[in-house]
Amino acid sequence: LTDRRKTDHVRLALSDPEADRRKHYFDRIRLVHRALPEIDLEQVDTSVEFLGRRLSFPLIVGPMTGGSSAGLRRINETLAAAAEECGVGMAVGSQRVMFDDPASRPSFRLRHLAPNALLLANLGAVQLNYGFGLSQCREAVEVLEADGLYLHLNPLQEAVQPEGECRFSGLADRIGEVAGKLEVPVIVKEVGCGLDVRDVEILFHRGVRYFDVAGSGGTSWSRIEHLRQPAEDGHDLGLVFQDWGIPTPLALMRLRAWRERVVLIASGGIRTGMDMAKAMVLGASACCIALPFLKAAEESRKSVTALIESLRREFRLALFLLGVARAVDLVGAEGLILDNPFRSEANASG
Ligand SMILES: Cc1cc2nc3c(=O)[nH]c(=O)nc-3n(C[C@H](O)[C@H](O)[C@H](O)COP(=O)(O)O)c2cc1C
């Protein structure tokens, strides 16, 4: 990924009002309100432990960027400092750029700004079919002094780009090799189309234990890539597929039987602390939010911490109104669901 491409991504994600699809899928799910919560609001413990780090509540700022330009570096530094201040996690965007352009490395050297925060490295899984291997994965982790490595799967995003890398065959074995040898956990994610049962099953048998469903409903990469480079023949491939994918709540529900064996992270269109609580009831142990943090980071570190604090207040209030005293007790607590229209869809198919 060149710096240019990342800069374009950031610009388009910020300027196109429809890059965020705003499907609000989590609004369709209602949880059981307790008029008598039997706990004090202040008593609610929102903290969780995740990958060996304590989070003040189960939020990870989603992987977005990094590069040699001052702007991209500042975004990462702002997010890392805010994550440390607020006790949440942070992931960096694809570190592939680091191997083409050494000047981009400082944008991934964030540990000094976030000595206690959960930090996650990131590479495109498909790169493992294009010459990358364990040593690049290791280097990505080392530069960030990361607690884990995100490997993202983005077949749609690649396919709508003229220069896209679409050789996905044999990839599961490569991912498995890395997961088996890397010193920190590998977390496989999508980028907004969702992971499903088959994907998790194949990777589980190759040793992967962490999955971020990254479903649809939020940022659309198909749309952003289309806007970045409309096809010369006028074919709107990226627009046709802009809402392709598995809605995040449905992806979580379809993975219900896997909850005992793998750790699930929810992302894709999560926009409030209430959404986070719902994602956890559906089985996620933590949540990732990307695009809203890009907007905040462009403004200031203060905007980022304000966003995190709003999310935390919403999350705390949701727990209070559910009568749940500890965030850990939310995970997979289906008794808290009042009404979930996705239920019939999930059951019908899996
Ligand atoms: C500007 C931007 C850049 C992104 N770059 C990456 C990336 O490099 N690696 C990755 O795994 N995901 C990347 N993503 C995807 C997000 O991490 C996330 O999976 C997706 O945007 C859905 O979450 P959201 O709806 O909260 O934005 C990016 C998202 C945005 C908005």
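One-based numbering, in listed order, for ligands and for the atoms of each. Just so it is clear, the model here is predicted, and its values are computed rather than measured.
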**Asked** Which is closest to atom 17 (O) of ligand 1 in terms of heavy atoms, Pro63, Ala13, Gly192?
**Response** Pro63
**Request:** For Leu294, counting its heavy atoms only, list the atoms of ligand 1 lying under 4.0 Å from any of them.
**Result:** 1 (C)
**Item:** Any N or O of Met64 closer than 3.5 Å to N or O of ligand 1
**Value:** yes
**Asked** Just checking, is any N or O donor in the side chain of Gln161 or Arg5 under 3.5 Å from an acceptor N or O on the other one?
**Response** yes
**Message:** Is there a side-chain contact between Phe342 and Tyr25 in this structure, where contact means two heavy atoms from C-beta onward sitting under 4.5 Å apart?
**Reply:** yes
**Complete:** Applying side chain to side chain donor-acceptor pair (under 3.5 Å) to Arg259 and not counting sequence neighbours gives Glu334
**Asked** Any side-chain donor paired with an acceptor under 3.5 Å for Asn116 and Glu84?
**Response** yes
**Request:** For residues 70-124, pull every pair meeting ring pair (Phe, Tyr, Trp, His ring centres under 6.0 Å), keeping only residues two or more places apart or in separate chains.
**Result:** Phe99-Phe132
**Complete:** Among Ile60, Asn122, Ile265, Thr219, the residue with a heavy atom nearest to atom 21 (O) of ligand 1 is Thr219
**Asked** Are any of the N or O atoms of Pro292 closer than 3.5 Å to those of ligand 1?
**Response** no
**Asked** Is Thr65 close to ligand 1, meaning an N/O of one under 3.5 Å from an N/O of the other?
**Response** no
**Message:** Nearest non-hydrogen contact with atom 23 (O) of ligand 1 belongs to which option: Gly218, Ala91, Gly268?
**Reply:** Gly268
**Lys189 to Tyr150 six-membered ring, cation-pi geometry met (6.0 Å, 45°)** = yes
**Message:** Would Lys6 count as being in polar contact with ligand 1, using the rule that some N or O on each side must be under 3.5 angstrom apart?
**Reply:** yes
**Request:** Pick one of side chain, backbone, both or neither for how Trp221 approaches ligand 1, counting any non-hydrogen atom pair under 4.0 Å.
**Result:** side chain
**Prompt:** ligand 1 and Ile289, any nitrogen or oxygen pair closer than 3.5 angstrom?
**Reply:** no
**Request:** Using a cut-off of 6.0 Å, state whether more than 12 heavy atoms not belonging to Glu183 lie near its atom CD.
**Result:** yes
